Amino acid sequence: MAAEKVALVTAGGSGMGAAAAKRLAQDGFAVGILSSSGKGEALAAELGGVGVTGSNQSNEDLKRLVDLAMERWGRIDVLVNSAGHGPRAPILDITDEDWHRGMDTYLLNAIRPTRLVTPIMQKQKAGAIINISTAWAFEPSAMFPTSAVFRAGLASFTKIFADAYAADNIRMNNVLPGWIDSLPATEERRQGVPMRRYGTSAEIAGTIAFLASKDAAYITGQNLRVDGGITRAI
């Protein structure tokens, strides 16, 4: 059955990924969701979409999601790349193996599905790819070393991708969340935010929905901070 607009969400079983899937469905997208827990497949069924239980570190699992969406709807208009949590340790205690895990978690998680959907979007002459990154991509925190390092790389990848595919009307942007309610809350972190509160997954989903919409048709290659002002001076 054809759909007017289709969105895929990876790592979409909980947190910001799940919130994005729900918001895009609310906005009229047919949704496909990948998650490793099985929660994404259940959410997709609830939203009338398609789901795959698998990993965004597996090209085969990602291809299954793309193939399911194409078989059912014949198009893919939006890809949202979310992520799990990578290794954390003092910077020189991170092993080679954990650096590679961090790259899989925070950089290749976006590159792998982008390879799959870009040819489809080229044929359609349109598409939007939104990567959930971090507010600390440009001013890194020792709390999240592998995230900061590889999401700085994701920012560079995004700019190069935008240069290469803007003429095909395919846009890529990154959303940079600060402290969000899907994370454990502490008073110290809350007080460090100028707005004095954690953001919500729904607010991140709203930003993603905007970047997926026609209202953002002239925005590509950007890194949009949604952090309550925590990185205002950067």
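As a basis for the values below, the full set of heavy atoms in this structure was taken, side chains included, without hydrogen atoms, waters or symmetry mates. The model shown is predicted, which means the values in this text are computed figures rather than measured ones.
If you take CG on Leu176 and OG1 on Thr207, they are separated by 11.0 Å, rounding to the nearest 0.5 Å. The structure places OG1 of Thr105 at 9.0 Å from CZ of Arg151, a figure rounded to the nearest 0.5 Å. Atom-to-atom distance recorded for Gln124:CD and Ile76:CD1 is 7.5 Å, nearest 0.5 angstrom.
Hydrophobic cluster membership differs between Trp136 and Val175, with clusters built from Ile, Leu, Val, Met, Phe, Trp and Tyr side chains linked at under 4.5 angstrom. At a threshold of 4.5 Å between side-chain heavy atoms, the hydrophobic network of Ile, Leu, Val, Met, Phe, Trp and Tyr places Ile130 and Phe29 in one connected group. Hydrophobic clustering (ILVMFWY, side-chain heavy atoms < 4.5 Å, transitive): Leu79 and Leu65 are in one cluster. With hydrophobic clusters built from ILVMFWY side chains whose heavy atoms lie under 4.5 angstrom apart, Ile111 shares a cluster with Val66. Criterion: ILVMFWY side-chain heavy atoms under 4.5 Å apart, direct or through other members. Under it, Leu34 and Val50 are part of a common hydrophobic cluster.
Across all non-hydrogen atoms, the minimal contact from Gly102 to Thr146 is CA-CB, 4.1 Å. For the pair Ser147 and Thr134, the tightest heavy-atom approach, listed with the atom from each and the gap, is OG-CG2, 3.7 Å.
Looking at Asp27 and Arg23, a side-chain N of the basic residue comes within less than 4.0 Å of a carboxylate O on the acidic one, giving a salt bridge. With respect to Arg64 and Asp61, a salt bridge is recorded, a charged nitrogen being found less than 4.0 Å from a carboxylate O. Under 4.0 Å is where a charged nitrogen must lie from a carboxylate oxygen, and between Glu203 and Arg197 at least one such pair does.
Judged as a ring-ring contact (aromatic ring centres under 6.0 Å, His included), and not counting sequence neighbours, the contacts of Phe161 are Tyr165.
For the 3.5 Å distance criterion, the side chains of Gln122 and Asp168 qualify, holding a donor opposite an acceptor. Looking at Asn223 and Asn174, their side chains do bring a donor and an acceptor atom within 3.5 Å of each other. Side-chain N/O atoms of Glu139 and Thr231 include no donor and acceptor closer than 3.5 Å.
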What donor-acceptor contacts under 3.5 angstrom involve side-chain atoms of residues 208-220, with partners at least two apart or in another chain?
from   : atom 1 : to     : atom 2 : distance (Å)
Ser213 : OG     : Phe210 : O      : 2.7
Ser213 : OG     : Asp215 : N      : 3.2
Thr220 : OG1    : Met172 : N      : 3.1

Residues Ser201, Asp181; criterion side-chain contact (heavy atoms from CB on, under 4.5 Å); working and verdict: CA-CA 6 Å; Ser201 295; Asp181 62 4; 3.1 Å; yes
